[in-house]
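Structure first, commentary second.
Ligands are counted one by one from 1 in listed order, and the atoms in each one are counted from 1 as well.
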Amino acid sequence: MMKLYSTKNPKYIVDFETALFQSLPPDNGLYMPCAFPVLSRQEWQELITCSFPEIAFRMAHAFLHEEVESQHLRKIVEEAFCFPIPLVQLDEQRFVLELFHGPSLAFKDIGARFMSRLMAYFLEKRQREIHILVATSGDTGGAVALGFHRVPGIKVTILFPSGKVSALQEKQLTTLNENIHTLEIEGSFDDCQHLVKQAFLDQELNQRFILASANSINIARLIPQSFYYVYAWAQLRRQGIEEPPIFSVPSGNFGNLTAGIFAQRMGMPVQAFVASTNVNDEVPCYLRTGHFQPRPSIPTLSNAMDVGNPSNFQRLSALFGHDVQQMRRWVYGYAFDDRQTLAEIRRVAETEQYVLCPHTAVASLGLRAYFHEHPSTSPGIFLATAHPGKFATVYPEDIRSLPYWPAIPDAVSQIVQQPSRAIRMKNDFAIFKSYLLQST
Ligand SMILES: *Cc1c(COP(=O)(O)O)cnc(C)c1O
């Protein structure tokens with residue numbers, strides 16, 4: 001059985017299904033696996049030639065073989081991961097892992113699609129229904145809306161900060177109906193996240209509904225994100241590159257980076273991780289000073305990373321025994337402002353004919369900074385978390401009119417024509433709560 005503990009109390013232990021539906025332990029900590037299944041040398045060797053769904057199946061199976069029957073787990077990964085995840089080589093040492101070919105054009109599809117199908121599996125078995133609450137700074141909501149749309153037994157309410165997500169992101173959040181509902185909150189992402197946290201701790205709401213989360217705080221979102229690190233590593237090995245890679249991860253709530261460390265704990269060879277952030281740089285500051293100081297978030301061009309109090313920091317910290325010295329052995333932190341981000345987009349477009357989204361540009365900068373401080377021959381991979389077309393307004397006209405500007409797939413761009421169904425709401429828990437109580 002897979003067991004999980006609360007980061008606030010290592011003695012509080014639950015099974016996987018509880019963690020999946022509860023999201024947060026009652027003590028307001030975060031669930032973490034008690035142990036990571038370590039694959040054998042032989043198993044790692046075999047993974048090198050596997051497809052992404054096959055790698056996903058084997059890794060998921062290592063965690064969940066007692067919870068989900070093999071047949072069904074295979075069906076879940078095949079349905080969830082029906083799009084490519086190419087590793088593109090930019091120069092001798094730098095690779096970019098394109099995680100944005102799913103339906104919302106951002107990497108969060110991977111976690112959301114796996115989690116929704118896993119939930120549907122348990123709900124069908126138990127004949128139950130649930131209500132999911134999600135706060136989003138942009139990409140989570142789109143991935144969740146699309147990943148859970150029409151999934152039986154699940155109703156979803158999404159909260160997003162008014163005016164702080166891109167036009168396409170907003171449409172992805174607000175144009176679906178049936179089991180998907182959207183609230184446009186007059187406040188910041190942190191306000192949205194706070195409203196959701198309050199709802200999870202509210203007794204009356206918990207009596208009325210089985211509430212669940214789909215944010216990166218849910219462990220079922222995190223586990224599948226470890227799969228693509230292994231797929232990236234496997235793609236390098238297939239090209240005959242044996243040296244362990246450096247992964248640069250554009251980070252906000254730090255779910256993505258945490259999942260990379262899960263892969264390492266399962267035995268994947270890694271040289272280092274780079275925590276690349278925009279000016280919301282609490283984690284790079286922590287790595288420098290040893291003090292973690294949450295702050296109000298600052299708006300930037302890489303808005304999905306505008307997080308002042310990263311919710312997965314406790315997990316990251318727990319993975320290193322809450323010891324900054326231990327974390328520094330594997331994780332390097334760098335932060336960049338919008339001016340540097342735009343300059344990086346331009347530089348990579350001009351030298352590689354490759355357009356980065358603003359988040360990905362931060363990761364590219366982070367990898368550059370790492371190599372500058374630690375020259376080596378190891379391969380560097382930075383994660384491309386979104387399609388540039390999702391943030392078209394960020395780019396100067398001359399970049400948008402480049403012949404290699406990547407167009408948004410038609411199926412996705414059509415959504416812009418559809419009307420928004422969002423309800424506008426004050427940042428007020430009492431109003432939010434009464435909305436939820438009325439919405440049965
Ligand atoms: C969510 C998101 C991030 C940040 O990922 P975390 O797991 O929260 O650190 C980076 N880039 C994009 C495009 C995102 O949507």
N/O separation below 3.5 Å, [X] to ligand 1:
| X | value |
| --- | --- |
| Ser251 | no |
| Gln225 | no |
| Gly252 | yes |
| Phe254 | yes |
| Asn256 | yes |

Could you tell me whether Phe63 and Phe16 have their ring centroids closer than 6.0 angstrom?
no
Atom indices of ligand 1 within 4.0 angstrom of [X] heavy atoms, with elements:
| X | answer |
| --- | --- |
| Ala386 | 13 (C) |
| Asn253 | 6 (P), 8 (O), 9 (O) |
| Gly255 | 6 (P), 7 (O), 9 (O) |
| Lys108 | 1 (C), 2 (C), 3 (C), 14 (C), 15 (O) |

Mind listing the closest non-hydrogen atom pair of Gln271 and Ser378 along with its distance?
OE1-OG, 3.6 Å
Run the contact test for Ala106 against ligand 1 with a 4.0 Å cut-off on heavy atoms, strictly below, and give the result.
no
Any heavy atom of Phe100 closer to ligand 1 than 4.0 angstrom?
no
Under 4.0 Å between a Lys/Arg side-chain N and an Asp/Glu carboxylate O for [X] and [Y]?
| X | Y | value |
| --- | --- | --- |
| Glu170 | Lys164 | no |
| Glu352 | Arg94 | no |
| Asp281 | Arg295 | yes |

Here's one to test your reading of the geometry: is the NZ or CZ of Arg288 within 45 degrees of the ring axis of Tyr334 and under 6.0 Å from its centre?
no
Quick one: does Asn427's side chain have a donor or acceptor within less than 3.5 Å of a partner on Glu186's backbone?
no
Exactly one of Phe262, Trp233, Phe114 should register a ring pair (Phe, Tyr, Trp, His ring centres under 6.0 Å) with Phe227. Which one does?
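For Phe227, the ring pair (Phe, Tyr, Trp, His ring centres under 6.0 Å) check succeeds only for Phe114.
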